[in-house]
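Note sheet for the following structure.
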Amino acid sequence: MMRLCSPSRPGSLLILALLQLAFILFLYRRSLSSSFGSLLYEDDHGRYWDYSKTHDVYTNLSLITPIPEGETFANCPAESPLLVGPLTISFQAIPGMSKIERKNPYVKSGGRYAPPHCKAWYKTAILIPHRNREPHLRHLLYYLHPFLQRQQLQYAIYVIHQTGNRTFNRAKLLNVGVREALKDEDWDCLFLHDVDLIPENDHNLYVCNRRYPKHVSSAMNKFKYRLPYRMYFGGVSALTPDQYLRINGFPNTYWGWGGEDDDISARIYFAGMKIIRTPLSLGHYKMISHNMDVGNEKNEKRFDMVVKVSKSWRSDGMNSIEYSLLQREELPLYTNITVDFGNSPTV
């Protein structure tokens, strides 16, 4: 979910702890607690990362040059030689869109990219729910485009914008994004990405786990680079299209802040899967601090809704999504999808 408190704001961890307790009680009631008994992490191969020594996010991009005309594309190597590890992240100055365009000359209209020098082995769609966060979006685009290019992926960035002043619905926007993105390409992976989170290590590959849905932002600075609670699935996550459809997508009924991430966690287990996570040493993210948004107030019904997931997940999701597509525009750095959800309940 889009978290609306800064890392230093007191009380946020207490709220999360209470949420965890409520959810654990729910899981015990549903006989699913054993599924959460152990945390699954992808292999970090024993690597150590020194985050006190960082690199500019545009390092090595000058090494990307198109192959001569007429030559055959070779496959990109399994591990990109362009990766540098920990990155220097700063939010002091908001980058302009024209500057981001100039620094990413091989990104095509709609925020699409394919390596001009080799054939990518993986295709990832980045889906960003959005409303009234233009400065955050600029920061994310500034860092994410070179981050993904060094991984030598084929990718596209979609920004799903909810119009109007009605209550924000993050999960429903992501359902819209998945449906629209799959019209364009047979994507290998869907990355569900909050606009205020910036990855700090380019070895954190934006690819899916073949077996399980993956929680990627496992170590956010907001939580002192620790997992806040066992069932947490917020921030940045990655699912294959098949995994996404197996859980019937995300819920459409969570208006405002809170609850949808834990609904999604439960869906994963009800669908017979588990959550796997990026190793804590690798899943570092910095959050852009901000205040609570107007129109995204806390959903006071979220706890009551989460305990009903076992009854709701098969009927509330991709198979029940309704929206009005107002605009679909291919901008230089991303594909903008503007939707209207009509009247929404009061939170």
Side-chain angles (χ1 to χ4, degrees), residues 2 6 51 53-66 80-117 120 124-162 177 181 184 191 193-206 216-217 220-221 235-236 284-291 293 327-338:
M2 282 191 176
S6 67
Y51 285 90
K53 299 177 181 179
T54 58
H55 303 79
D56 185 87
V57 73
Y58 284 88
T59 301
N60 285 345
L61 245 62
S62 62
L63 300 178
I64 299 176
T65 55
S80 171
L82 305 177
L83 303 178
V84 296
L87 303 170
T88 304
I89 309 294
S90 173
F91 305 130
Q92 291 184 352
I94 301 172
M97 287 296 194
S98 58
K99 176 181 178 180
I100 303 171
E101 289 178 45
R102 289 195 304 270
K103 294 180 76 69
N104 296 276
Y106 298 116
V107 173
K108 298 181 180 179
S109 178
R112 301 178 183 280
Y113 175 85
H117 57 292
T124 296
I126 314 295
L127 309 171
I128 305 168
H130 178 264
R131 187 172 68 181
N132 300 330
R133 294 285 193 87
E134 283 73 19
H136 296 177
L137 180 60
R138 292 186 186 188
H139 281 303
L140 181 58
L141 294 171
Y142 178 85
Y143 288 106
L144 197 55
H145 272 299
F147 174 95
L148 296 170
Q149 289 171 61
R150 279 203 306 281
Q151 295 185 3
Q152 297 183 331
L153 300 173
Q154 178 181 336
Y155 70 85
I157 295 179
Y158 297 84
V159 176
I160 308 94
H161 178 77
Q162 182 178 335
D184 294 339
F191 254 72
H193 208 298
D194 280 359
V195 73
D196 55 3
L197 288 176
I198 310 298
E200 297 184 57
N201 190 326
D202 63 7
H203 282 263
N204 178 6
L205 300 183
Y206 270 38
V216 185
S217 55
M220 295 160 53
N221 68 331
V236 182
H284 278 219
Y285 282 78
K286 282 189 177 178
M287 174 180 276
I288 307 170
S289 298
H290 54 92
N291 297 320
D293 294 332
Q327 186 181 41
R328 181 182 170 116
E329 184 179 8
E330 292 194 351
L331 300 174
L333 295 170
Y334 62 92
T335 296
N336 183 69
I337 298 170
T338 302

Sub-4.5 Å side-chain heavy-atom contact between H161 and R131:
yes
I198 side chain near F147 side chain, heavy-atom distance below 4.5 Å
no
Nearest-0.5 Å distance, CD1 of residue I128 to CZ of residue R133
12.0 Å
Please answer whether the main-chain N or O of P86 pairs with a side-chain N or O of H55 as donor and acceptor at a distance below 3.5 Å.
yes
Any donor-acceptor pair under 3.5 Å from Q151 side chain to D202 backbone:
yes
What is the minimum heavy-atom distance between E101 and P332, and which atoms define it?
CD-CB, 3.6 Å
Out of the candidates N204, D194, N201, only one should pair with Y285 under the side chain to side chain donor-acceptor pair (under 3.5 Å) rule; please name it.
N204
What distance separates L140 CG from H145 NE2, expressed to the nearest 0.5 Å?
8.5 Å
Parallel, tilted or perpendicular: which fits the ring planes of H139 and F91, with parallel below 30° and perpendicular above 60°?
perpendicular
Is the shortest heavy-atom distance from the side chain of K108 to the side chain of E330 under 4.5 Å?
no
Measure the spacing between CD1 of I89 and CD1 of I288 and express it to the nearest 0.5 Å.
9.5 Å
Are L148 and I126 side-chain neighbours, meaning at least one heavy-atom pair lies under 4.5 Å?
yes
Is any side-chain heavy atom of L141 less than 4.5 Å from a side-chain heavy atom of M97?
yes
For L87 and D56, which heavy atoms make the closest approach, and how far apart are they?
CD2-O, 4.4 Å
With a 4.5 Å heavy-atom cut-off, do V236 and Y206 have their side chains touching?
yes
Looking at side-chain heavy atoms only, is the closest gap between Y158 and R328 below 4.5 Å?
yes
If I compare all heavy atoms of N104 with all of Y58, which pair ends up nearest, and what's the gap?
ND2-OH, 3.1 Å
Which heavy-atom pair separates K103 from L61 by the least distance, and what is that distance?
O-CD2, 4.0 Å
Output for pair (S289 OG, H136 NE2), nearest 0.5 Å, gives 8.5 Å
Nearest heavy atoms of Y143 and T88, plus distance in Å
CE2-O, 3.5 Å
Please report the interatomic distance CG(L144) to CD1(I100), rounded to the nearest 0.5 Å.
11.0 Å
Looking at every non-hydrogen atom in both residues, tell me the closest pair between L153 and P115 and how far apart they are.
O-CD, 3.6 Å
A side-chain contact here means heavy atoms from C-beta on lying under 4.5 Å apart; do V107 and Q149 qualify?
yes
dist R150:CZ -> I64:CD1 (nearest 0.5 Å) comes out at 8.5 Å
